[in-house]
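Every heavy atom of this structure was used, including side-chain atoms; hydrogens, water molecules and symmetry mates were not. Below, chain A is the first sequence line, B the second, and so on; all start at residue 1.
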Amino acid sequence: MRPASFEYHRATSLEHALELLGEFGENGRPIAGGQSLVPMMNFRLARPGHLVDINRLPLDAIEIAGPVLRIGALTRHIAYFDNPWIARHFPAFLDAVHYIGHPTIRRNGSIGGSISHADPTAELPAISVLYDADIVARSVTGERRIKAQEFFLSAYVTALEPGEMVVAVEFPIPPAASTGSFIELGERSGDFATASIGISLEHGGGKIVRAAMVCCGADLFPMRAPEVEDFLVGKPLVNPSGAEAGCIFAASIDPVDDHIASADYRRGLIAELTHRAIEAACTRALDKS
Amino acid sequence: MIDITLEVNGKTKTLSVEPRHLLADVLRQEFGLSGVHIGCAHGACGCCTVHLDETPRLSCLTFAAQCDGSEIRTVESIGGPTAEHALQQAFRSEHGLQCGYCTPGFIMTLMPFIEEMVEQKRLPDDDEIREAMSGNICRCTGYHGIVAAVRKAVNLGLGGGI
Ligand SMILES: Cc1cc2nc3c(=O)[nH]c(=O)nc-3n(C[C@H](O)[C@H](O)[C@H](O)COP(=O)(O)OP(=O)(O)OC[C@H]3O[C@@H](n4cnc5c(N)ncnc54)[C@H](O)[C@@H]3O)c2cc1C
């Protein structure tokens, strides 16, 4: 349970990191919090030849940049708890962070690492899909933005190319009249989820005018639920038919059957979490008004 | 091999490490700090928790090479050889340990929590205490004794006892 040999490089600037990553290609990897990469290396599930340590780069700002909230790749999970913009604009995000691991993991793990690691039930990938975030990736050849919905391809597989690094994740700020929630269930608190549901709703005149929903645990990546999103438009905040929405969604998925839960159990769980997440989001909007 | 300088429990030392050497192993082998316990080596048990530049950190998920110039504290820096710190004494009186394997990790995880509570002048409820120590596994005590020890240590701190 010790890693294989590799060469260690401490990046002194973003340009330096990109040069090193460009040079090493498939054989090089950034190391951020190390909270997912080092376990993989200790088990020898990952054997990179070169690690590029990006921890001393100034990439941990959370800032409003025009219509988006831009979160630097090295922002640690703990930073969201007392961030006023997250609390005000992204209630599902704030809910979700409470479910990430434990205090020590949250102090050290970063959003860039979580997004790039792409565990199928990790919270920050799900939240980026829910809120239609852009993943900002850079390499020596330049910068590109990838829609979160196009970024997560399968379990631990993303659209990042060798030599590319995530520098930020940008979340479009929802309109004022919006609400949201995130609920998950795992085997133990702090473990990765068996299933989770995130909801984000815009409302007006006591009714839902736009809906987004994300689900982890139904597939190998966080998936949106377009049928439920359509179904919810026009529903009242008081009694938004969450149970029915849960049934509609559960009928449309084909979850895995494994040692943690059977496919039937997962389907039932996802239906119930959908119901509860919708109710929680609507209750929050009603409490505010 | 890479040359690094670490300040560990107040003593500074320069040494050569292989990039793949975990901080936990270097602290045990090069610094003789056997209080750094390695349980699972993948971040799940919390036994190897130390403070890296004043922040709790799993030393099994950290390469020593990353820590050049850093300040590290291990359980050996707390309470002296007879473990006199109020939290350590509370672990003893409240039966917060049995075999003791997980104890250094719990102490290092909980120190900043206790300091924060004392600073905020409030006694946390049991749920909060359990959340603060949720990253550490203990197979002997069933956790009740540890929760009681944390409560006692915070209480003592609030009365000026830490
Ligand atoms: C006990 C335990 C419990 C956990 N529970 C949860 C949980 O419940 N939910 C959850 O979401 N996570 C959980 N985690 C994982 C944690 O959130 C990690 O912090 C996160 O997944 C990875 O972030 P990191 O900064 O540690 O990345 P690293 O481990 O440093 O890197 C992970 C991967 O991303 C790559 N990478 C890192 N940064 C970048 C970047 N900027 N650009 C491109 N690639 C990059 C690395 O090369 C590597 O492949 C847990 C971890 C542990 C040890």
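Shown here is B:His95, whose NE2 atom has no more than 12 heavy atoms of other residues, nucleotides or ligands within 6.0 Å. In the displayed structure, A:Phe81 atom CZ is contacted under 6.0 Å by more than 12 heavy atoms of other residues, nucleotides or ligands. Counting heavy atoms of neighbouring residues, nucleotides and ligands inside a 6.0 Å radius, atom CD of A:Glu63 exceeds 12 of them. By the 6.0 Å contact criterion, CZ on B:Arg92 is open, its count of non-hydrogen atoms from other residues, nucleotides or ligands being 12 or less. Surrounding CD of B:Glu119 are at most 12 heavy atoms belonging to other residues, nucleotides or ligands under 6.0 Å away. The number of heavy atoms from other shown groups lying within 6.0 Å of CD (A:Glu26) does not exceed 12.
Both the backbone and the side chain of B:Gln66 come within contact range of chain A, with heavy atoms under 4.5 Å apart. Looking at A:Arg106, the atoms closer than 4.5 Å to chain B (heavy atoms on both sides) all sit in the side chain, from C-beta outward. Heavy-atom distances place the side chain of B:Ile2, and not its backbone, under 4.5 Å from chain A. Proximity to chain A (any heavy atom under 4.5 Å) is restricted, for B:Ala132, to the backbone atoms N, CA, C and O. Neither the backbone nor the side chain of A:Asp191 comes within contact range of chain B; no heavy atom of the residue lies under 4.5 Å from a heavy atom of that chain. Contacts of B:Leu61 with chain A are made by both backbone and side-chain atoms, with heavy-atom separations under 4.5 Å. No part of A:Arg188 comes within reach of chain B, as not one of its non-hydrogen atoms sits under 4.5 angstrom from that chain.
Under the 3.5 Å distance criterion, the side-chain polar atoms of B:Arg57 are left unmatched by any main-chain donor or acceptor of A:Ile105. A donor-acceptor distance shorter than 3.5 angstrom exists from the side chain of A:Asn42 to the backbone of B:Cys60, with no hydrogens or angles considered. Within the 3.5 Å criterion, the main-chain N or O of A:Pro3 finds a donor-acceptor partner in the side chain of B:Arg20.
Heavy-atom pairs under 4.5 Å with chain A were tallied for B:Leu52, B:Asn136, B:Asp68; the largest tally goes to B:Asp68. Interface remark: of the candidates A:Leu51, A:Asn108, A:Leu37, A:Asp53, A:Asn108 forms the most heavy-atom pairs closer than 4.5 Å to chain B. Your options are A:Gly34, A:Pro103, A:Ser36, and the one with the most heavy-atom pairs under 4.5 Å with chain B is A:Pro103.
Between B:Ile38 and A:Met1 there is no side-chain heavy-atom pair separated by less than 4.5 Å. The side-chain heavy atoms of B:Phe63 and A:Met41, taken from C-beta on, include a pair separated by under 4.5 Å. Side-chain contact check for B:Thr109 versus A:Thr104: some heavy-atom pair is nearer than 4.5 Å.
A salt bridge does not link A:Arg107 to B:Glu54: none of the charged side-chain nitrogens sits closer than 4.0 Å to a carboxylate oxygen.
Here the shortest heavy-atom pairing between A:His102 and B:Gly135 reads CG-CA, 3.3 Å. The shortest non-hydrogen separation linking B:Cys67 to A:Arg10 is N-NH2, 4.5 Å. Nearest heavy atoms, A:Arg2 versus B:Ala41: NH1-CB, 4.1 Å.
Considering CE of B:Met1 and OH of A:Tyr8, their distance stands at 15.5 Å, rounded to 0.5 Å. The OG atom of A:Ser189 sits 10.5 Å away from atom CZ of B:Arg130, with the distance rounded to the nearest 0.5 Å.
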